[in-house]
Amino acid sequence: MPTERYLDYNATAPLRPEARAAMVSALDCDGNASSVHRAGRAARALIEEAREAVAELVGAHPAEVIFTSGATEANATLLQGSPEGPRLASAGEHDSVLAVPAVEPVALRPDGRIDREALEARLSEAPLVSLMAANNETGVVQPIAEVGAMLRAAGGRMHCDAVQGAGRLDKETWAGADYISFSAHKLGGPKGVGALVVRDEAPLKPLIRGGGQERRLRAGTENVAAIAGFGAAATAVLREGTHEQARLAALRDRFEAGLRDLQPAVVIHGAQAPRLANTCCFSLPGQRAETLLISLDLAGLCLSSGSACSSGKVQQSHVLLAMGVAPEVAAGALRLSLGWASVAEDVEACLHALAQVIEKQKRRVA
Ligand code: PMP
């Protein structure tokens, strides 16, 4: 069996040891965080400690953080609730945003960034705009601060899906957003927990009603172990700081240089725009994504085609199509995404496996 090499961090990151340890320890905490007795207070303390770390990721106040079951719920809570009225969102948003009936898509430019003129022309239609910090497929970083300023001037509010950007982009990125969504598992925390930051008393209607948890904005007894794991992952990300992004950028750049050597006609999607340091979405001419994924999987390499949430079903990437990528090129797109446990050998092993696939194909054609 080949060594498993995990290169799919934008789908989910492996659990960090710190997060695992925090979760195991929190499982011994028997109280309900709403109870006043000591067991309840111990559970509450773990939640509040995690809230501080999560808030710090985006320079928010801990009181602005509402824990949810993940970013899908955070996005749904906001976009299905307040403020009332239609919402605009970039056409490259995650399905958890685009699937909300009130959401109207705004075009992307060929480089993957939102078409700001198109957005500006429609601002009067909607009191809320949802724009992701960075795209899960291409890693393209959106102009959050600029769009936030544009919206403030127009009296609108801004939501930022920070799932792929949190911990990877500068803290200044988040200054213009009124609402920010997170998911723990992309940071090396557990799956099934996330948060919505609601800034400066911006309006919010709960999606899930019941008990008074999370300032009456998200009912349900808190999953203390998952929240503790989320907090530990956020703390680890904060500790790593910008060095980690520089390390990942060097690995990603080496991968892209290797790809160009292998196949000069490779298309790297979003390469004309600012991108996350960890992501490379590429199409090799004449290659289909499913065939490549199977060959890579046999070599122990875990990568993704299109959006991981929809893999399994073979469907075109709505993000690449919105960027105007030709359907036959989009059908070949693969995504490599790196993270906290990635090492140079992972990238070299991936290049080696791709070289073998290309070589085999050349022999078949000859
Ligand atoms: N937004 C983006 C940009 C994502 O990448 C994902 C996860 N693929 C989500 C939202 C949904 O997050 P969760 O898995 O926590 O529901």
Side-chain angles (χ1 to χ4, degrees), residues 6 8-15 19 50 54 57-58 65-80 87 89-100 103 105 108 112-114 129-142 144 158-169 173-174 177 179-197 207-208 218 223 226-227 229-230 233-234 237 269-270 275-276 278-279 281 302-313 315 317-320 322 333 335-339:
Y6 188 82
D8 202 10
Y9 279 70
N10 289 9
T12 195
L15 192 65
V54 171
L57 277 178
V58 290
V65 176
I66 297 158
F67 286 115
T68 64
S69 67
T72 298
E73 185 193 320
N75 289 344
T77 302
L78 172 65
L79 296 169
Q80 296 182 23
R87 292 88 172 67
S90 90
E93 297 299 303
H94 189 260
D95 283 338
S96 57
V97 169
L98 292 176
V100 176
V103 169
L108 292 183
R113 303 186 105 200
I114 191 166
V129 172
S130 183
L131 185 61
M132 67 204 319
N135 187 268
N136 42 309
E137 296 187 35
T138 59
V140 167
V141 174
Q142 295 292 347
I144 298 298
M158 176 161 184
H159 167 235
C160 179
D161 176 336
V163 168
Q164 301 292 346
R168 293 173 175 163
L169 298 172
T173 309
W174 319 108
Y179 306 94
I180 310 171
S181 303
F182 298 95
S183 180
H185 70 101
K186 311 284 179 169
L187 303 170
K191 297 164 185 68
V193 61
L196 179 65
V197 162
L207 180 67
I208 299 175
R218 202 283 185 173
N223 183 346
I227 291 173
F230 186 5
V237 167
H269 302 288
R275 279 184 301 159
L276 293 175
N278 79 319
T279 308
C281 180
C302 306
L303 275 80
S304 201
S305 70
S307 166
C309 302
S310 57
S311 62
K313 293 182 262 168
Q315 66 175 44
S317 153
H318 71 275
V319 179
L320 296 180
R335 177 187 68 191
L336 166 133
S337 52
L338 306 168

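Indexing begins at 1, ligand by ligand and atom by atom, following the structure's order. The first residue in the sequence is number 1, and the count goes up from there. Owing to the predicted nature of the structure, the values given are computational and were not obtained by experimental measurement.
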*asked:* Strictly distance-based, threshold 3.5 Å: is any side-chain N or O of Lys186 a donor or acceptor partner for the main-chain N or O of Ala11?
replied: yes

*Could you tell me whether Ala11 and ligand 1 have an N or O pair separated by under 3.5 Å?*
no

*Which atom pair, heavy atoms only, marks the closest approach of Val163 to Ala71?*
CG2-CB, 3.2 Å

*By number and element, which atoms of ligand 1 are closer than 4.0 Å to a non-hydrogen atom of Gly70?*
15 (O)

*asked:* With a heavy-atom distance limit of 4.0 Å, tell me whether Met132 approaches ligand 1 through its side chain, its backbone, both, or neither.
replied: side chain

_Thr72, portion touching ligand 1 at heavy-atom distance under 4.0 Å_ = both

*Proximity to ligand 1 by part of Gln164, non-hydrogen separation under 4.0 Å*: side chain

*Counting only N and O atoms by type, is there a donor-acceptor contact under 3.5 Å from the side chain of Gln142 to the main-chain atoms of Ile114?*
yes

*Backbone of Asn136 reached by a side-chain donor or acceptor of Asn10 within 3.5 Å*: yes

*Kindly give the heavy-atom pair with the smallest separation between Pro190 and Ala184, and that separation in Å.*
O-CB, 3.4 Å

*Verify whether one side chain among Ser96 and Asn75 offers a donor that lies under 3.5 Å from an acceptor in the other.*
yes

*Nearest non-hydrogen atom to atom 15 (O) of ligand 1 belongs to which of Ser96, Gly194, Ser183, Ala195?*
Ser183

*Any idea which atoms of ligand 1 are less than 4.0 Å away from a heavy-atom of Asp161?*
1 (N), 2 (C), 3 (C), 10 (C)

*Which heavy atom in Val140 sits nearest to a heavy atom in Arg113, and how many Å separate them?*
CG1-CG, 3.9 Å

*Mind checking whether Lys191 contacts ligand 1 via backbone (N, CA, C, O), side chain (CB onward), both or neither, at a 4.0 Å heavy-atom cut-off?*
neither

*Polar proximity ligand 1 side, His185 side, N/O cut 3.5 Å exclusive*: yes

